[in-house]
Each structure stands twice: as C-alpha cells, then as structure tokens.
There are 2 protein chains.
Amino acid sequence: MSSERIQVGLNAVIVAVTDEAPRLITLAGDPAALPTGTLDPEEDRTLERALRRWVSEGTGIDLGYVEQLYTLGDRGRSSEPGVRLVSVAYVALVRERAPSPDSGAAWSDWYGLLPWEDWREGRPAVVDEAIVPAIDAWAAEAAAGDRAARRERSAILFGLGGSAWDIERVLERYELLWEIGFVPEAGAARSDDAVHGEPLVLDHRRIAAQALGRLRGKLRYRPVVFELVPATFTLTGLQRVVEALSGVRIHAQNFRRLIDRGGLVEKAGGIDASTGGRPAALYRFRRDVLRERPAPGVGLPGLRTAG
Amino acid sequence: MSSERIQVGLNAVIVAVTDEAPRLITLAGDPAALPTGTLDPEEDRTLERALRRWVSEGTGIDLGYVEQLYTLGDRGRSSEPGVRLVSVAYVALVRERAPSPDSGAAWSDWYGLLPWEDWREGRPAVVDEAIVPAIDAWAAEAAAGDRAARRERSAILFGLGGSAWDIERVLERYELLWEIGFVPEAGAARSDDAVHGEPLVLDHRRIAAQALGRLRGKLRYRPVVFELVPATFTLTGLQRVVEALSGVRIHAQNFRRLIDRGGLVEKAGGIDASTGGRPAALYRFRRDVLRERPAPGVGLPGLRTAG
DNA sequence: CTCTCTTTTGCTCAAACTGAGTATATCAGC
DNA sequence: GCTGATATACTCAGTTTGAGCAAAAGAGAG
C-alpha cells in the first residue's frame, strides 16, 4: 500500500468544575498534553470502552458521562515520523475533582489554556490588550480589499464593536487566533502564557477548544450540568457551574425560574447555611425529565450581549 | 502488540433533496451500502480531503458542504475477519441530484430506510400497524418492574400517548428498534422492507439514522438548507426541502416570517409561475448573514406536537 | 369574460417566553 | 435588634411563537 503507517489513538478531555473554575486533566510535559491512549483490538469491544479502560488504568478515574467529540487525522500530527496518527477525541464529565495519583496527570484551569473565553467579569483584559492589537495588525497587512472582511470576521467572533459575544464559537475563535499567529502552536516562540494561553502539545489545545464549545452548546438543550455537581446542590451552586462553563454571568432569578419551571430539579430537603446569607435549599436532579421532556437543558438565560 | 489488525475507513452519507424527498447515495449490493473509502496517507493531507477525493473518483460527484458525523469502531463491524475496522463517517450535502455514472451508486429514498421518520402526512401507518405492536410485545416480555419503563421510553421516542414527536431523536429511535429486533440487522431474517425499512450492510443504516438526526438538529441553528437548493428558489420551495428533511409540515406564513425576519434571503428578482396558484417570487440566500448573525437557522417553526 | 380553484403573501391576535428590575425572607455576626 | 449578605418571590414590558383570517395573483373551466 503505502510507506506511511496509520495508527489509531484516543484522546480524552476530562472535565470537572471546582471552585467556580472549569478544569481538565493534562499530563505533565513541555508542553503539556491531553491524556492519550490506544485501542486494544483484543480487549476493547468499543472505542468508548477502550477510553474508559486506559483512563481508569492511567489516572484511577472512572469516567461517567462520555461523549465523542471529533476525529482528527491531519498529516503531521504525530510526533513519530512515518506514522499517520488518527485520533478519536472524547469529552468526559466527572463529578469531583478526583485527585490524580502520581501518574503525571493534574487538573489544569481551562481558562489558562483559553484566557479570552472567560467573560464572567466582563470582557477580559487579554482581548483589549493583546488580541485586538494582534487582529488590527493582521487586518492591516491584508490587501486593501480583504481588510474589512478580516476586521468584520474578528469583530463578530470576539464581540467587538457592538457584536454580541457568542459563547459557543470557541473553536472558530481559536482557529482565528491560530491563523493570525497569536497562539504559540502556530510556529511562534513560546510567549507569555497568561496572555496567549498555556499551549498544549500538537493540536491538543484545539481539541480542548472544540470541547469547550461543544459543552457550552450542550448545556442549552441537555441536562449535562448535573454530571458535574454533587448529588444535592443549591441552585446558586448549580448556577455557578453553568457560569463557569459558559463563561458569562447569569441573572439569578431567571435562572431559578427556568430550572424549576422546566421540572429539572426537586427539593432534596435540607439546607446549606454556609452561603453567608440566607441559607439555600438543597435540590437534586430529577432523573425523570430525561424521559418526560424532549430536550431539557438549563437554557442559559440572559447572555445575548454579555459584557 | 495484538493479532487483530486495525484499519481506518471512511464513510459518506451524501444527501440531496429532490421532489420533496430526501435521498442519499447507496452502493448496489445485498444489502446496499454507504459509499466507503480509505485514507491514503501519502496523498491525503486530511481526512476530509481523502473523503472528497474518493467520492469524486468513485461517483464523479464533487462534494460541497461536508461535516464529520461520528467515528465507529465496535468489534465485529468489519466483513474481513481479523480486522478491526474504525470508520469515520461524514455527512455531505449536494445541490442537484447528480446522476451517478455506472459506479453502482444510486440515490435511495431516506425514508425507505427509516419509514417511521416521515410524519409529513401525520403519524405514518408503520408506527401504528407494526411498531406499536412490536413495542407492546417487547414490553410484555419484560419483568413486571420494567414494563412501565419500556412503555414510557417507547411512547416518548415515538410520540405515542400524548408525547410530542421529537424530530431529532432519530438515532435513539433506531437504537430502540434495533434493541427490540424490529430492524433486520438485529439478526432477524430479511422481512418486508416497506415496514421494517430497507436494511444496509453492517451498521450503515445506523449511520444514516444518526446523519438524519444531526441534519435535523443543524437546520435549526445553521443555514444548511441552502446547500440543498438551487441558487434561486421560492420560499415555498425552500419550505418543502425543510419539511422533507425534518419530516413534518410547517405553517407556511410563520416559516416565511422567520426566514425574512432573520435576513436569511433577499429577492432575486424573478418569478416562478409554475406553482399552480399565484406565482411565487424568487429569492436567493444572503451569504452575509453568516458573518452578521451568530446562529442563523431556519428555526423550524410549528413542530411541537406534529401529528 | 367571469367564476372557481390554487398558491402566495400580508396581517392580526392571544399565549408563552425573556430580560430585567423590585421586594421580601432568612440567616450570621456585631 | 441592626447590618450585611444571599436566597427566593413577584412583577412587568417587550419579544417571540403558534395559529388563523383574508387579500393578491395567476391558470383553467364554462
């Protein structure tokens, strides 16, 4: 056939939200990497089982919710020469911040990788201070006819000049930053991580970006948040997790209205008095909605023009 | 490593809508199959390019819009023994019903594969006449405690007993029918195709089901319909295509309101008088919306409780 | 030429949903 | 019993959605 050998790999974006920060597991290295494994044709009946097996073996974490994300197969994404690496990437949600053993696995802040994605405190400084100048330079060096198009595309993706910030277009934003050479993977020398974001090996940061976008979209119409919170939780706690992932603030009263109008939760009986204010009632997820309603999600109220 | 060899394949669900019927390309055989190809590591820089290459070579069709669907890698999905086949499936949309050469490729009616998915004339006869009895039998043979759960799950998926018909859950419905042995792939002998749907080789019908679900979902928030219609079209024509894919009827006035309130189209100047009634104005897609609005789709009005 | 049938297109209206604000409840700590 | 904090309840205008009525504009029948 051909002299280049094809190899199948698996990648996992393992997500948890702790202390109002979304995190994912990375493996130590320079740069760091997403957990990576292979399919054992003898042992693994399905790709997903293969994933669960080696994640469990390697990090001691038993995955709950798992969803296939994307399969990457571009040339040049293997570190071994002569090997064409085709990787199937998955997103997995885990409840607690299970501390990893001495496997080299650790939890990294998602917004450490993608600092421009966190708009909870308004438009992040990185955008105005570093991204906008980089975009301007990139637009300026284009042929006269393309300048307006480049500026318009950037403005829409990054919520500039009156455009709304679309929380789901994480991948498109990453790809634009890659195109303009803002993220170090694009050949540039290693630079300030707080501004350009912490890089990952190969195209792993791209995978992380795609995963965040997918998850943000999924929040709307499937009750995936509940995979990330403990069995009982307060509505404000739930809201903080949604905010952490979506990267925007939510109107608390409307969030509450949406959640219980949708029948997503029920009172668990019990109180969390550690809030610093009026104690909050504890709720639990109503597993029944999965069967009752066609597309129950948290709906993400109030984020048309965040910031 | 292991004695079983891993092989990477590619599958394409190539879609067109003609005469108000969604169609996809299948290769002659018993049963028929989806177009299948491989990645040539030397020649193909990306998976998507590989797909475009062999579809073009094999059927003469140049694909336009292409989107990755899912990667399948379960054991036992290769016809060759000793080979573990990992297939990356794609959905592609093409405009005209390009007639295929003598490559064995032909257009098949999507609802020939999945007859229970077409609710444009109300709940299809197949559901009441064949599926409901099959479900009842399946529920009856369960342990007493599981019967209600089986019935409830079926009712929700198939829009029985007051449940709404959710157009997007195509895959879940297929999987239920597989589970209860209604679709022939599940080991049963070949049966009446008009009722059980035309089978495809291996898990190809499953892929087709997943593709339909994905496409139906995508209609809502991305302007993919326009990939399927000619450069100029009437609003009713556009509506028929949406109806064909979504499998439900749409309130014409609301559809029209949605489309032009969303700025998705503009008058192309010209008239189609062949409608049998008042002549319809011709429109064209406004490519600009892609840059203007965050998530322009056709919105699919009026399909909460179709049928 | 007029009447009828058909499809296209414009308009209306109530119900549901959203975004955003005001007000009240209930705790901890002083 | 204040003060400060968060939790929770209600309100209200603006928008979107589902659904129907009606006029416009052609073809064909009589």
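Below, each value reflects all heavy atoms present in this structure, side chains not excepted, and no hydrogens, waters or symmetry copies. We name chains A, B, ... by the order of the sequence lines, and we start the count at 1 in each one.
Which of C/dT8, D/dT8, D/dT6 sits closest to the side chain of A/Thr275 comes down to D/dT6. Side-chain proximity of B/Leu258 to D/dT17, C/dT8, D/dT8: nearest is D/dT17.
Counting to the nearest Å, the P atom of D/dG18 and the CZ atom of B/Arg249 are 17 Å from each other. Distance, A/Asn254 CG to D/dT11 P: 15 Å, rounded to whole Å. Note: CD (B/Glu20) to C1' (C/dT7) measures 13 Å, nearest angstrom. We find that CZ of B/Arg220 is positioned 11 Å from P of D/dT17, with the value rounded to whole Å. Distance CG (A/Asp260) to C1' (D/dC10): 13 Å, rounded to an integer number of Å. Spacing between atom CD1 of B/Ile250 and atom P of C/dT8 amounts to 14 Å, rounded to whole angstrom units. Note: CZ (A/Arg256) to P (D/dA7) measures 8 Å, nearest angstrom. When the C1' atom of C/dC13 is taken as reference, atom NE2 of B/His251 falls 12 Å away, rounded to whole Å.
Between B/Phe226 and B/Phe233, the ring centre distance stays below 6.0 Å.
In the interface, the side chain of A/Gln253 is paired with the base of C/dT22 through a donor and an acceptor atom under 3.5 Å apart. In the interface, the side chain of A/Arg278 is paired with the base of C/dA25 through a donor and an acceptor atom under 3.5 Å apart.
Phosphate proximity of C/dA16 to A/Arg261: absent, as no side-chain N or O sits under 4.0 Å from OP1 or OP2. Note on A/Thr236: every side-chain N or O is 4.0 Å or more away from OP1 and OP2 of D/dT6.
Using a 30° and 60° split on the angle between ring planes, A/Trp165 and A/Phe158 fall in the tilted class, from 30° to 60°.
Heavy atoms of A/Ala273 sit nowhere under 4.0 angstrom from any nucleic acid atom. Counting non-hydrogen atoms under 4.0 angstrom, A/Ala252 reaches nothing in the nucleic acid.
Side-chain atoms of A/Glu266 do not come within 3.5 Å of backbone N or O of A/Phe285 as any donor-acceptor pair.
Side-chain contact of A/Tyr174 with A/Glu172: a donor-acceptor pair under 3.5 Å is absent, judged by distance alone.
Between A/Tyr283 and A/Arg257, the residue whose closest nucleotide on DNA chain D is further toward the 5' end is A/Tyr283. For B/Leu282 and B/Gly277, each mapped to the nucleotide of DNA chain C holding its nearest heavy atom, the one lying further toward the 5' end belongs to B/Gly277.
Ion pairing of A/Arg169 with A/Glu175 is absent here, as no side-chain N (NZ or NE/NH1/NH2) approaches a carboxylate O to less than 4.0 Å.
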